[in-house]
Number of protein chains: 2
Amino acid sequence: MAARTTSTGASAARERLLQTASELFYREGIHAVGVDRIIAEAGVTRATFYRHFPSKEDLVEAYLGVEDANIRGAFDAAEASGAEPGQLVGLVIEGLADDVARHHTRGCPFINAAAEYPDPESGVRRAVAEHREWFRSELEKVLGAAEADDPGATAGQLVLLRDAAMVGGYLDGWERVRPSFIAAATRTAGLDR
Amino acid sequence: MAARTTSTGASAARERLLQTASELFYREGIHAVGVDRIIAEAGVTRATFYRHFPSKEDLVEAYLGVEDANIRGAFDAAEASGAEPGQLVGLVIEGLADDVARHHTRGCPFINAAAEYPDPESGVRRAVAEHREWFRSELEKVLGAAEADDPGATAGQLVLLRDAAMVGGYLDGWERVRPSFIAAATRTAGLDR
DNA sequence: AAAGAGATAGAACGATCGTTCTACTTCACA
DNA sequence: TGTGAAGTAGAACGATCGTTCTATCTCTTT
């Protein structure tokens with residue numbers, strides 16, 4: 001058995017590796033999960049691991065890439081749903097709330113990763129910075145289309161609120177944080193008028 | 001040379017150990033800093049380390065205890081300053097902003113620690129939960145004295161805003177986040193009326 | 001004067017870290 | 001048909017992890 005079995009062109013072993021690592025990194029932290037754990041749970045050999053990822057840090061960056069792609073996909077889906085710009089802002093807020101409730105119950109993958117990588121020049125921190133900048137500008141775009149006043153400032157505040165929601169949802173429980181998040185986000189976005 | 005040299009009754013070696021570890025843990029992350037690093041930079045022997053801290057995790061908990069005590073001290077100072085309850089809320093917000101700008105430029109010690117400790121039953125996570133609960137109730141007390149409406153809900157929202165400020169200050173730069181934080185916090189606390 | 005706690009110094013424990021290596025097999029494609 | 005990439009299997013590298021140990025010295029307290 002070997003090689004490219006998936007439709008995307010990526011090898012099956014690589015995808016299993018990436019998915020297993022993503023779950024472990026998110027649930028237990030990055031430094032806390034060793035290469036041995038990952039290859040054992042992915043059912044793959046060390047040699048196969050290093051064939052696809054030159055080092056563990058490359059795998060970490062790929063993990064953040066998966067998280068980034070997931071969120072971009074959610075945005076694309078929302079925009080492709082044919083909702084009007086005015087509605088879209090509300091959909092985004094609801095989507096973020098739903099994401100924290102369902103998938104990201106251990107906090108934000110990017111915030112958590114940054115906690116473990118102090119060097120701003122590292123590949124991991126670059127990935128975090130790029131993701132945050134994309135997210136901010138995407139919000140600004142949506143807000144601009146909905147003709148909100150000062151989309152730039154509002155987008156910045158919504159980024160902060162999402163950070164707060166993910167951290168608070170993890171440490172205090174989402175049911176305690178959700179009302180505050182919804183109220184603050186809708187008011188910030190100007191949806192309460 | 002030996003033993004208790006400080007006025008507080010704690011040994012000098014223990015205090016050097018704790019201060020050194022606190023700086024390293026905060027700046028570089030907990031799992032990333034080994035015991036060897038700590039004892040080397042503290043100028044202390046392994047045996048001395050384990051005399052004062054049964055395990056590394058005890059040192060981690062002591063580190064969070066130091067951070068907790070610092071913030072409690074700041075609150076006590078603000079309350080002892082003789083400011084009126086109405087002013088106190090504003091002082092607290094300014095104090096938080098000042099803290100992020102000066103001391104906590106690598107994020108929140110408790111949020112960062114929680115990112116590395118997934119088990120909610122662990123001593124570290126318990127310390128995080130206790131600190132957050134104290135902070136929330138302290139805010140509620142101050143807001144209640146200032147006769148804000150719904151001190152409970154407002155305190156919860158201010159906790160979220162502080163989380164956002166510390167995360168955003170670390171990852172996006174405090175100068176970008178500060179205006180949003182000040183605006184949102186003063187409005188949430190009802191100081192803009 | 002005796003006792004004990006706190007410090008120093010340094011060797012050593014087994015376990016795990018991330019990484020590299022050789023040897024052999026299997027499949028896709030030119 | 002043969003070349004090469006992708007897979008399995010497993011030994012081994014040096015480094016570091018957190019922890020334990022013995023041995024000796026110093027100071028404070030009784």
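Convention: sequence-line order gives letters A, B, ...; per-chain numbering from 1.
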Tell me which residues in residues 22-33 of chain B lie within less than 4.0 Å of DNA chain C, going by non-hydrogen atoms.
none
Per A/S55 side chain, nearest of listed nucleotides C/dT8, D/dT8, C/dT19
C/dT19
Distance check needed: D/dC17 C1' versus B/E57 CD, whole Å only.
15 Å
How many Å lie between OH on A/Y50 and P on D/dA9, as a whole number?
18 Å
Atom CD1 of A/I38 and atom P of C/dG18: how far apart are they, to the nearest Å?
7 Å
For A/E15 and D/dG7, what is the distance between atoms CD and P respectively, to the nearest whole Å?
11 Å
OP1, OP2 of C/dA7 versus side-chain N and O of B/S11: anything below 4.0 Å?
yes
Whichever of A/V35 and B/V44 has its nearest DNA chain C nucleotide further upstream toward 5'
B/V44
Salt-bridge present (A/E130, A/R126; N to O < 4.0 Å):
no
May I ask you to decide if the ring planes of A/F53 and A/F49 are parallel, tilted or perpendicular, using 30° and 60° as cut-offs?
tilted
Please report the distance, rounded to the nearest Å, between CG in A/L17 and C1' in D/dG7.
12 Å
On the 0 to 90° scale, with breaks at 30° and 60°, tag the B/W134-B/F75 ring pair as parallel, tilted or perpendicular.
perpendicular
Going by heavy atoms in the side chains, are B/E67 and B/Y63 under 4.5 Å from each other?
yes
In whole angstroms, the gap separating P of D/dT19 from CD1 of B/I39 amounts to 12 Å
Indicate yes or no: at least one non-hydrogen side-chain atom of B/P109 is less than 4.5 angstrom from one of B/F25.
no
Of D/dG7, D/dA9, C/dG6, the nucleotide closest to the side chain of A/T45 is D/dA9
Can you check side-chain contact (heavy atoms from CB on, under 4.5 Å) on A/R187 and B/T188, steps first, answer last?
CA-CA 11 Å; A/R187 188 183 51 190; B/T188 300; 4.2 Å; yes
Nearest whole Å is fine: how far is C/dC24 P from A/R51 CZ?
16 Å
Can you list the steps and then say if B/V142 with B/E79 is a side-chain contact (heavy atoms from CB on, under 4.5 Å)?
CA-CA 9 Å; B/V142 172; B/E79 289 171 0; 4.1 Å; yes
Is B/R132 positioned over the aromatic face of B/F110, cation under 6.0 angstrom from the ring centre and no more than 45 degrees off axis?
no
What does the inter-axis angle of the helix from C/dA1-D/dT30 to C/dA30-D/dT1 come out as, five pairs per end, nearest 10 degrees?
10°
Interatomic distance, CG@B/L59 vs CZ@B/R14, rounded to 0.5 Å, equals 8.5 Å
Any chance the rings of A/H104 and A/Y26 have centres within less than 6.0 Å?
yes
Does atom CD of B/E57 have more than 12 heavy-atom neighbours, drawn from other residues, nucleotides or ligands, at distances under 6.0 Å?
yes
Atom pairs under 3.5 Å, N or O on each side, protein against nucleotides 12-16 of chain D: can you list them with distances?
none

Heavy-atom distance under 4.5 Å between the side chains of B/R125 and A/L171, does that happen here?
yes
Testing C/dT8, D/dA9, C/dG18 for proximity to the side chain of A/A47, the answer is D/dA9
Integer-rounded Å distance: D/dC17 P and B/L59 CG:
14 Å
